[in-house]
Amino acid sequence: MPQHAVAVVGGGLAGCECAWQLARRGVAVVVFEMRPGRTTPAHTGAGLAELVCSNSLRSDLPDTAVGCLKAEMRRAGSLVMACAEATRVPAGKALAVDRALFSEEITRAVQGHPGITVRRQEIAALDDPALEGFDAVVVAAGPLASDALAADLVRLVGGQGLYFYDAIAPIVEADSVDMDKAYWGSRYRPEDDDYLNCPMDEAQYRVFLDALLAAEKVQPREFEREMHFEGCLPIEVMAERGDKTLLFGPLKPVGLADPRTGKQAHAVVQLRAENRARTRFNMVGFQTKLTYPEQRRVFRMIPGLERAEFERMGSIHRNTYVNAPQALTATLELRQRPGTYLAGQITGVEGYVESAACGLWLGMSLAARLAGREVPPAPAQSALGALLGHLRTPARNFQPSNVQFGLMPELGVRAGKRKRMELYAARAEEAFRAYLETHFPEEDAS
């Protein structure tokens, strides 16, 4: 019988990963998930680990920072990585998943684990009687924590509540795309069919850009200040930064020559498959805060999308996070409430993979702590250690961050960009391997 029990508030990526890591180490876990009784502005279903933005977990290349992080998670026995592999869809060099199947796979695994109980119940405050009697409480409510729970966290950490706006890209029905204008192909690989590409000439791009800049946007409420995360800017915000900004961002045409003509367009809009059947496509990089009518009007100016039918419109929602260097200890424990931990995006990590990785490490380390073993943070040379190190680094204006090589210690050698990436990746792999062998010798899942 388990000797310890932990409550996990939130059944998203971080919560499910944390619960899985605790349970596989013999800790009894109760996951509290408020949906479907109470939903959020971005969720649509009741499944655990629902992906509300993109269906992409980004690059799977081993010499990228996020690729390193995924490799470390796989080595540590990540549930999220296993389910992503089982439900992946073609996406070039990226790891993308069938959104519905991924949630179903996670839900099945978590609900089927004998050490995990899932309760469909909202936790509105940390003094909720439902949390009494647990050895520890993990808040993994995600960036869309309910207003009540977010307010309770603000009360605990003090000061102003921190948040930024995150935006969701539209999803297009595949059979509404004009294939006489669109074409298949990945960047530099026209023979691949992982993406649908909608090319624009210079005149078409100018008309689209002018319409985008003039389109009506959803306005924030009076008490909210817009603080967009730089890694996920709304497309109209990018457009406001200059006429050519989109041409070096989501509409970059380089490597996407039309195989029918052999020519490179002035701009290219890419559509990525949302499911294995490829009946729905995500507009890559088109996260937006335009009103729904304006999205239909402006995005149908894109060649190939004149008659586009949208399975989901783009939207904007508030993401909440704490000032981690001030609010959390190195173990992700709330300084003002010992025994309560945070995991996932609410800590200030940004991205699906980063959120799950945060939950993974907390589950591993908390299980060890409950068993009487203190384990140090993952080494800063590893992707996981560098990411979590960001949460311990004081900053005048703390901002969420994706994993990146820039968070790691300098290499101390001179090398070109590609070689530096390879060196960072090799060092990260060795550092994390040694960390597991030393502190979690039985857990290496490689």
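Residue indices begin at 1 and follow the sequence shown.
When every heavy atom of Ala84 is checked against every heavy atom of Leu57, the shortest pair comes out as CB-CD2, 4.1 Å. Looking at every heavy atom in both residues, Leu233 comes nearest to Val237 through CD2-CG1, 4.2 Å. Between Leu290 and Glu236, the shortest heavy-atom contact is N-OE2, 3.7 Å. Considering all non-hydrogen atoms of both residues, Gln336 and Leu156 come closest at CG-O, 3.2 Å. Minimum interatomic distance between Val403 and Ala383 (heavy atoms only, all atoms of both residues): CG2-O, 3.7 Å. Of all heavy-atom pairs between Ser355 and Ala14, the closest is O-CB, 3.4 Å.
For the atom pair CG (Asp194) and CD (Glu191), the distance works out to 10.0 Å, reported to the nearest 0.5 Å. Of the inter-residue distances, the one linking Cys83 atom SG with Arg88 atom CZ reads 13.5 Å to the nearest 0.5 angstrom. If you take CE on Met364 and CG on Leu22, they are separated by 11.0 Å, rounding to the nearest 0.5 Å. Once rounded to the nearest 0.5 Å, the distance linking CG of Leu271 with CG of Leu305 reads 5.5 Å. The line from NE2 of His266 to CZ of Arg206 is 8.0 Å long, rounded to the nearest 0.5 Å. In this structure, Thr331 OG1 and Tyr341 OH are separated by 5.0 Å, a value rounded to the nearest 0.5 Å.
Using a distance-only test at 3.5 Å, with no hydrogens or angles considered, a donor-acceptor pair links the side chain of Arg335 to the main chain of Gln326. At least one donor-acceptor pair closer than 3.5 Å links the side chain of Asn55 to the backbone N or O of Ala273. The main-chain N or O of Ala169 is found under 3.5 Å from a side-chain atom of Arg312 such that the two form a donor-acceptor pair. When atom types are taken as modelled, the side chain of Arg75 and the backbone of Phe432 share no donor-acceptor pair closer than 3.5 angstrom. With Asp98 contributing its side chain and Arg276 its backbone, the two residues share a donor-acceptor pair below 3.5 Å. One N or O on the side chain of Asn402 and one on the backbone of Glu350 form a donor-acceptor pair closer than 3.5 Å. Judged purely by atom type and a 3.5 angstrom limit, Arg300 uses its side chain to pair as donor or acceptor with the backbone of Ala308. Judged by distance alone, with hydrogens and angles left aside, the side-chain atoms of Thr279 form no donor-acceptor pair with the main-chain N or O of Ala174 at under 3.5 Å. Counting only distance, with no hydrogens or angles, the side chain of Lys244 and the backbone of Gly242 share no donor-acceptor pair below 3.5 Å. At least one donor-acceptor pair closer than 3.5 Å links the side chain of Ser103 to the backbone N or O of Leu48.
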> Hey, mind stepping through Val97 and Leu101 against side-chain contact (heavy atoms from CB on, under 4.5 Å) and telling me if it holds?
Replying inline: CA-CA 8 Å; Val97 301; Leu101 292 179; over 6 Å; no
>> Walk me through whether Phe281 and Ile171 qualify under side-chain contact (heavy atoms from CB on, under 4.5 Å).
In response: CA-CA 5 Å; Phe281 283 81; Ile171 294 175; 6.0 Å; no
> When you look at Asn197 and Gln270, which way does the side-chain contact (heavy atoms from CB on, under 4.5 Å) test go after all the steps?
Replying inline: CA-CA 5 Å; Asn197 302 285; Gln270 288 199 291; 3.0 Å; yes
>> Does Arg58 form a side-chain contact (heavy atoms from CB on, under 4.5 Å) with Glu354? I'd like the steps, not just the answer.
In response: CA-CA 11 Å; Arg58 313 201 315 278; Glu354 289 87 344; 2.6 Å; yes
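The side-chain hydrogen bond (donor to acceptor under 3.5 Å, both in side chains) test with Ser54 is passed by exactly one of Arg99, Glu274, Arg272: Arg272. When the options Lys93, Lys419, Lys417, Arg418 are evaluated for a salt bridge (Lys or Arg N to Asp or Glu O under 4.0 Å) with Asp63, the one that passes is Arg418.
At least one side-chain heavy atom of Tyr321 sits under 4.5 Å from a side-chain heavy atom of Phe398. Tyr195 has its side chain within reach of Val284: a pair of non-hydrogen atoms, C-beta onward, lies under 4.5 Å apart. Taking 4.5 Å as the limit, some side-chain heavy atom of Leu126 sits within range of a side-chain heavy atom of Leu153. Inter-residue side-chain proximity for Ile123 and Met34 is flagged as unmet; no heavy-atom pair is nearer than 4.5 Å. Leu247 is listed as a side-chain neighbour of Tyr205, based on a closest heavy-atom distance under 4.5 Å. Between Phe208 and Met200, the closest side-chain pair of non-hydrogen atoms falls below 4.5 Å. Looking at Pro409 and Arg427, their side chains come closer than 4.5 Å, going by heavy atoms from C-beta outward. In this structure, the side chains of Leu411 and Phe405 stay at 4.5 Å or more apart for every pair of heavy atoms.
Between Phe286 and Phe299, the ring planes are perpendicular. Angles over 60° get that label, and only those under 30° would be called parallel.
Atom CZ of Arg414 has 12 or fewer heavy atoms from other residues, nucleotides or ligands within 6.0 Å.
At a threshold of 4.0 Å, the pair Glu216-Arg297 does not count as salt-bridged, since none of the basic side-chain nitrogens sits closer than that to a carboxylate oxygen.
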